[in-house]
Amino acid sequence: MTVLYIASKILTFPGAYVKAFWEHLTCKLLGLPVESEGYIRFDEACGHVEHAFIRKGWPAYLVATGPGFMNFNIGLWFFFAGFLNLRFMEIRPSDSMVSFVVSVIVAYIGISMLCNVFPLVDDAMNLYDLLYRQKKGNIMGRIFGFIPAVIAYAGSFLEKYCITVILWAVAMVLAFVL
Amino acid sequence: MDKEILNGIPEEENEETVQENTQDAPETEEETTENGVDTETEDTTEKEDVVICSYCGENIASEGSEYCSVCEKALLKKRIPFTGWFMGVAALLFSVAAFVLAVALLVPSGYVWLGDRYSKSGNMHMAYEAYMDAAQEAENFNANINTLLGTDYRILSTGQGVYEKMISTVEKYYSPIDAYYFIQNFFGTDTDNLSFAKKYETMYNDNYTAFTAMSSIFSGVLEKGTMKPDEAFKKIEALRGTEGIKDIFVDYYKFALAYELGEPVETQLEILRALEKSAEKSGEDYGWIYYQPLAQALYDSGEYEQAIAYLDKIIAKNASDYASNDLKMRAQLSLGDEEGAGKTVEKFKSVYTNSEVQYYSDLIQVEYLRATGKYDEAKAFCVEAINREEIPQTNAVVNLVFFLENKLLTASEFNRQSALVDMINGDYEAAFTSMMEAYQMESYYAYYMQGASSLNEPTFYNALYLSAKLMEKNVEMTEETKADVEYVLSMFEAGTMSDGVEAIISGETTVEEVLMKGEFDLA
């Protein structure tokens, strides 16, 4: 499974790399020591950074959801800019090779970012545990953070088993075939 | 050891972590107490609190941390790699451009999506409008952004695929030959790089070859009168099997000649049946060439159900086709199926619900009301239709021409429709006034738009002539009105009008009788 996971990260290299960068930046801002040397490594933490264990609710929430939020907000526009051009405006190589290639690259970058929006399973589990088992953090934070925490929790498993990449691939096939 | 030392993760949820952090640690205080070894309790607790740095694995971790002070300092000093910064910042900056592009693309893409939906439901008129809007929106964006930046970029472009869809709607709405004309108008005559244009070009060339071969025959029999009809038909038939001339076009031009010569509907029907066989034999879809004339011939010969079957085939492909829906409605009314005709009208109207052009949906509605004897409603609807057209707020220059064209055509036709209802009701003065209004609008249209006006349409000039004739016969007129009536009558030669009009004037029949059968008009 790890091989498949690493393959999915390599396949979505731009998004995985940028996601790891956002994680690293978040850890830096929170003053969390980071162990990892590189962002793309051949282990189960590929596309993420290994950081010190978090014992507080808010930092755990930021580390689990912040980088994904950034990737999602950036990736969404990349995706739409490329996808709409290819799917609806029907830009083909015969129209303009440059426009076509740019649209494909932009759409790919967008999808790669949207394939990498969830945290590492350990971070997601830790967040859920801190907020909803140990009940750390204030009540309002826990209420508002519930949906993102659940999405992060579920999404981290989807990403772990490459389901996000598979879903995107299926969606793209359907979008262009149907 | 408490949960804090175990990194805050409950034992049952994080077995691995617990084991990892406790593998070197001695048993818990509680367990020790349970075993009754009280004397060793203090020493054991001291050993338990010692956590080895998880990074170097050698030094003792600082309090509240999993790293020793040396490692923690080193790890905190670790810099984010340059490539990380580069990619992160680049992604952030480019995402702004992507955002602008995506937002700009949303509108034209939305139109293409709409066009696809309309096209799927057979609403070719609306599909065409939507695809056109998509291309227009993309161009508008480029123009606006270039004006703003003083540049000359094509940021948004409409792919050939969209044009292909647009042309496909023209094909389904009219014919492949019209689609080819559209391609030539849009892309010019050099269509080599347009892969989708090939099939239309082939169809155009097939038709053109046949037409060229037959043009001298048509001119001989129709214009010069140097050829008799029988001879003309034989000469056309002789072209069958000639290289480059397809049988389907031989049959089609035989029908066209029969139609132009006013041959009996039975003869036309016979030729059309042969045309249908040629089409089936070819294995290609030639429905566009014969469904409509065949349905009309069947209708004219009273075969209403068969006519409806062919009309349904056209409507299935193009639900926005006015001529087919109108003929279907008339066929249903001729069969006494008023409810079915009403449904046909409603279905057709629904196709045009969101259209900028309500002309055809209004027209079928008013015809239905008149044909079913709802005269007051029909008249009120005519006024509503004339007043509906308002100056659009967007794309002023383009739409002003469109608006004027639409306005003039609408005013002309619905005044004529109103006149027909007045003639049925015996209000000849109102009928003549409406027809004069229609005539004026039609003249404006012919003059300003230089378009093919309805002045030469039998339905139009028959109605104009009849309204003047009925005024002359039945109404005491002022000098001014009399002059108008005389002017109108002077434009036509008595005895050259349609059989229905001549019969009404001679008193053999009534306006109502003529308008309630056949064409349901004064054709």
Side-chain angles (χ1 to χ4, degrees), chain A residues 14-15 17-22 24-25 27-28 31-39 49-56 70-71 73-92 94-96 99-100 103 106 109-110 113 122 125-126 128-130 133-134 136, chain B residues 3-4 7-10 13-14 17 54-55 64-67 71-76 78-81 83-88 90-92 94-106 108-113 116 134 138 154 156-165 193-195:
Chain A
Y17 197 90
V18 174
K19 169 76 168 19
F21 163 73
W22 295 125
H24 198 163
L25 189 64
C27 291
K28 274 271 179 198
L32 285 170
V34 171
E35 290 184 25
S36 318
E37 291 298 330
Y39 296 159
V49 288
E50 274 183 84
H51 50 80
F53 199 84
I54 306 167
R55 295 183 175 84
K56 287 181 180 170
M70 288 301 289
N71 253 27
N73 277 293
I74 292 172
L76 194 69
W77 303 116
F78 271 98
F79 167 69
F80 274 126
F83 176 75
L84 294 178
N85 244 343
L86 295 169
R87 170 65 182 81
F88 290 103
M89 301 310 280
E90 307 213 17
I91 301 297
R92 302 281 177 270
S94 53
D95 292 306
S96 159
S99 293
F100 176 73
S103 298
V106 168
I109 291 172
M113 290 205 168
D122 296 0
M125 284 173 77
N126 185 36
Y128 194 82
D129 182 65
L130 286 170
R133 290 212 174 95
Q134 298 184 40
K136 287 193 175 175
Chain B
K3 279 181 182 174
E4 201 67 24
N7 292 333
I9 299 172
E13 288 299 316
N14 294 283
T17 319
S54 68
Y55 190 64
S65 170
E66 61 201 273
Y67 306 111
C71 287
E72 190 163 337
K73 256 185 195 170
L75 291 177
L76 280 171
K78 260 191 183 176
R79 286 185 175 182
I80 295 175
T83 46
W85 278 113
F86 177 77
M87 285 188 72
L92 205 56
F94 278 110
S95 75
V96 178
F99 171 77
V100 174
L101 189 58
V103 170
L105 277 166
L106 276 176
S109 300
Y111 277 122
V112 174
W113 176 77
D116 290 348
R154 274 183 66 79
L156 298 191
S157 40
T158 311
Q160 279 186 24
V162 177
Y163 289 113
E164 185 178 355
K165 286 175 177 174
N193 59 339
L194 304 174
S195 55

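Within every chain, numbering begins at 1; the chains are lettered A, B, ... in the order of the sequence lines, protein sequences first and strands thereafter.
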>> Quick one, A/V34 and B/K78 - any side-chain contact, counting heavy atoms below 4.5 Å?
In response: no

> Taking the side chain as C-beta and beyond, is there a heavy-atom pair between A/D95 and B/S157 under 4.5 Å?
Replying inline: no

>> Give me the atom names and distance for the closest heavy-atom approach of B/G88 to A/V18.
In response: CA-CG1, 4.4 Å

>> Under 4.5 Å from any heavy atom of chain A, what part of B/L92 do you find: side chain, backbone, both or neither?
In response: both

> So, A/Y17 and B/T83: side-chain donor and acceptor under 3.5 Å apart, yes or no?
Replying inline: yes

> Do B/Y163 and A/E90 have side-chain N/O donor and acceptor atoms under 3.5 Å apart?
Replying inline: no

> For A/L25, is it the side chain, the backbone, both or neither that has a heavy atom under 4.5 Å from a heavy atom of chain B?
Replying inline: both

> At their closest point, which heavy atom of B/L76 faces which heavy atom of A/K28, and how far apart are they?
Replying inline: O-NZ, 2.9 Å

> Under the side-chain contact (heavy atoms from CB on, under 4.5 Å) criterion, do B/L105 and A/M89 qualify, and how do the steps go?
Replying inline: CA-CA 8 Å; B/L105 277 166; A/M89 301 310 280; 3.6 Å; yes

> For the residue pair B/Y67 and A/E35, what are the closest heavy atoms and their distance?
Replying inline: OH-OE2, 2.6 Å

>> What part of B/L194 gets within 4.5 angstrom of chain A, counting heavy atoms only: side chain, backbone, both, or neither?
In response: neither

> To the nearest 0.5 Å, how far apart are CZ in A/F80 and CG in B/L106?
Replying inline: 7.0 Å

>> For chain B, which candidate among A/I109, A/N85, A/N73, A/L84 shows the most heavy-atom pairs at distances under 4.5 Å?
In response: A/L84

> If every non-hydrogen atom of A/A81 is compared with every non-hydrogen atom of B/A102, which pair is closest and at what distance?
Replying inline: N-CB, 3.8 Å

>> Less than 4.5 Å to any heavy atom of chain A: does that hold for the side chain of B/K165, its backbone, both, or neither?
In response: side chain

> Tell me, side chain or backbone of B/A104 under 4.5 Å from chain A's heavy atoms, or both, or neither?
Replying inline: neither

> Side-chain contact, heavy-atom cut-off 4.5 Å: B/V100 with A/W77?
Replying inline: no

> Out of curiosity, A/F21 CZ to B/I80 CD1, how far, rounded to the nearest 0.5 Å?
Replying inline: 5.0 Å

> Which distance, rounded to the nearest 0.5 Å, do you find between the OH of A/Y39 and the CE of B/M87?
Replying inline: 11.0 Å

> Taking all non-hydrogen atoms of both residues, which atom of A/S94 and which atom of B/Q160 are closest, and how far apart?
Replying inline: O-NE2, 4.0 Å

>> If we define contacts as heavy-atom pairs under 4.5 Å, which of A/G82, A/S99, A/P33 has the most with chain B?
In response: A/P33

> What heavy-atom pair brings B/S95 and A/I74 nearest, and what distance separates the two atoms?
Replying inline: CB-CG2, 3.6 Å

